[in-house]
Amino acid sequence: MNKTFKCLIVDEIHPVLFLMLPKEQFEIDYFPAIKRDEILSKIHLYEALVIRSKTLVDEDFLAKATNLKVIARAGAGMDLVDEEACKKLNIKLYNASEANKDAVGDHTLGLILALLNKIVAADSQMRSGVYEREPNRARELSALKVGIIGYGNMGEAVAKRLKGFGCKILVYDKYKTGFATNEVKQVDL
């Protein structure tokens with residue numbers, strides 16, 4: 001007979017997660033509004049924990065999580081999790097490293113274009129009956145160098161979108177090397 005894992009979810013989570021966790025394997029307690037002191041008082045009852053962005057999993061937290069086997073973060077990194085402490089306790093860590101890379105890439109490109117084309121300022125002026133052409137003249141992305149710090153999933157997604165604009169793409173990554181192409185130049189910080 002398969003064991004059922006008790007899973008505590010302590011943040012607002014997209015409903016798709018509940019479809020991904022089979023009911024026959026996970027007994028889920030969903031408390032998105034729970035506070036840290038409440039979590040600490042009951043974390044010993046759980047083998048799995050799902051967090052997003054509000055819950056710090058440090059040594060104090062882990063000392064109370066005596067049955068914890070798995071921590072999953074619904075986000076790209078493990079920003080709030082003491083990975084070394086989890087490793088010592090044999091707690092497996094998971095995250096959604098690629099989940100929002102396309103959204104981040106699209107949004108970043110949108111922000112770059114809005115900045116270069118002065119869209120926010122021009123829109124505000126137009127709505128108040130002002131039209132000033134020269135102060136709102138755009139800069140063309142194809143004539144610029146764009147620097148990206150970090151070439152993980154998010155950085156690669158941004159670079160992928162920038163390639164079509166013909167700009168020079170300079171990338172620094174603290175952990176990765178050897179990723180340069182004709183379109184992406186690896187540089188020092």
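Computed from a prediction, not measured in an experiment: that's the story for all the values here.
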Test log, rule salt bridge (Lys or Arg N to Asp or Glu O under 4.0 Å), inputs Arg36 and Asp58 = CA-CA 12 Å; Arg36 184 177 176 86; Asp58 55 8; 2.9 Å; yes

request  = State yes or no: do Tyr94 and Val81 share one hydrophobic cluster built from I, L, V, M, F, W and Y residues joined by side-chain heavy-atom distances below 4.5 Å, directly or via other members?
outcome  = no

request  = Determine the minimum heavy-atom distance between Leu62 and Cys86, stating which atoms define it.
outcome  = CD1-SG, 3.8 Å

task = Please report the shortest heavy-atom distance between Lys42 and Phe31, naming the atom on each side.
result = NZ-CE1, 4.1 Å

key: SB check Glu98 Lys101 (cutoff 4.0 Å)   = yes

query = Do the side chain of Lys118 and the main chain of Pro135 share a donor and acceptor less than 3.5 angstrom apart?
reply = yes

query = Would Val57 and Leu93 show up in the same hydrophobic cluster when neighbours are defined by side-chain heavy atoms closer than 4.5 Å?
reply = yes

task = Could you tell me whether the side chain of Glu83 reaches within less than 4.5 Å of the side chain of Ile71, counting heavy atoms only?
result = no

request  = To the nearest 0.5 Å, tell me how far Asp173 CG sits from Gln186 CD.
outcome  = 8.0 Å

Any Leu80 side-chain heavy atom under 4.5 Å of Thr55 side chain = no

key: Separation of Leu111 CG from Asp106 CG (nearest 0.5 Å)   = 11.0 Å

query = Partners of Arg139 by salt bridge (Lys or Arg N to Asp or Glu O under 4.0 Å), sequence neighbours excluded?
reply = none

request  = Ignoring hydrogens and angles, tell me if any N or O in the side chain of Asn95 forms a donor-acceptor pair with the backbone of Ala76 under 3.5 Å.
outcome  = yes

message = If you define the side chain from C-beta out and look only at heavy atoms, does anything of Lys69 sit under 4.5 Å from Ile91?
response = no

key: Within 6.0 angstrom of Glu38 CD, more than 12 heavy atoms from elsewhere   = yes

query = What are the two closest heavy atoms between Ile13 and Ala74, and how far apart are they?
reply = CD1-CB, 3.8 Å

task = Salt-bridge test for Lys176 and Glu156: reply yes if a basic N is under 4.0 Å from a carboxylate O, no otherwise.
result = yes

task = Decide yes or no for Val146 and Leu170: does some side-chain heavy atom of the first lie under 4.5 Å from some side-chain heavy atom of the second?
result = no

Side-chain donor/acceptor of Arg52 to backbone N/O of Asp11, under 3.5 Å = no

query = Any side-chain heavy atom of Ile9 sitting closer than 4.5 Å to one from Ile28?
reply = yes

ask   = Just by distance, with hydrogens left out, do Tyr131 and Asn136 show a side-chain donor and acceptor under 3.5 Å apart?
value = no

key: Cluster link Leu162 to Leu144, ILVMFWY, side chain under 4.5 Å   = yes

message = Ring-plane angle category for Phe26 and Phe5, please: parallel below 30°, perpendicular beyond 60°, tilted otherwise.
response = tilted

query = When rounded to the nearest 0.5 angstrom, what is the spacing between CG in Leu189 and NZ in Lys174?
reply = 10.0 Å

query = Under 3.5 Å, is there a donor-acceptor pair between the side chain of Asn153 and the main chain of Ser97?
reply = yes

ask   = What pairs with Glu12 under salt bridge (Lys or Arg N to Asp or Glu O under 4.0 Å), at least two apart in sequence or on another chain?
value = none

request  = Determine, stepwise, if the pair Val50 / Cys7 fulfils side-chain contact (heavy atoms from CB on, under 4.5 Å).
outcome  = CA-CA 7 Å; Val50 178; Cys7 178; 3.9 Å; yes

ask   = Could you state the interatomic distance from CG (Leu8) to CG (Leu49), rounded to the nearest 0.5 Å?
value = 5.5 Å

message = Could you check whether any side-chain N or O of Ser124 sits under 3.5 Å from a backbone N or O of Val120, counting only pairs where one atom can act as donor and the other as acceptor?
response = no

query = Distance-only, no hydrogens or angles: does the Ser128 side chain make a donor-acceptor pair with backbone N or O of Gln125 under 3.5 Å?
reply = yes

query = Do Asp102 and Arg161 sit within salt-bridge range, that is, some charged N less than 4.0 Å from a carboxylate O?
reply = yes

ask   = With a 4.5 Å limit on heavy-atom distance, are the side chains of Leu109 and Leu141 in contact?
value = yes

task = Taking atom NZ of Lys168 as the centre, report whether more than 12 heavy atoms of other residues, nucleotides or ligands fall under 6.0 Å from it.
result = no

query = Roughly how far, to the nearest 0.5 Å, is CG of Asn117 from CG of Leu115?
reply = 9.0 Å

ask   = For Glu47 and Lys6, what are the C-alpha separation, side-chain angles and deciding distance, and is it a salt bridge (Lys or Arg N to Asp or Glu O under 4.0 Å)?
value = CA-CA 6 Å; Glu47 293 138 321; Lys6 285 194 68 158; over 6 Å; no

task = Verify the cluster assignment for Met78 and Phe61: are they in a single hydrophobic cluster under the rule of side-chain heavy atoms below 4.5 Å apart?
result = yes

query = Any side-chain heavy-atom pair from Ile112 and Leu116 closer than 4.5 angstrom?
reply = yes

query = Hey, does the side chain of Asn100 reach the backbone of Ala103 with a donor-acceptor pair shorter than 3.5 angstrom?
reply = no

inquiry  = Rounded at 0.5 Å granularity, tell me how far CG in Asp123 sits from CD1 in Ile119.
reply    = 9.0 Å

key: Lys54 atom NZ, neighbour heavy-atom count above 12 within 6.0 Å   = yes

ask   = Would you say Leu56 has more than 12 foreign heavy atoms packed within less than 6.0 Å of its CG?
value = yes

query = Does Val171 reach the side chain of Lys185, with side-chain heavy atoms less than 4.5 Å apart?
reply = no

request  = Look at Glu134 together with Arg137 and state whether they make a salt bridge at an N to O cut-off of under 4.0 Å.
outcome  = yes

query = Are Tyr151 and Tyr172 grouped together when hydrophobic residues (ILVMFWY) are joined by side-chain heavy atoms under 4.5 angstrom apart?
reply = no

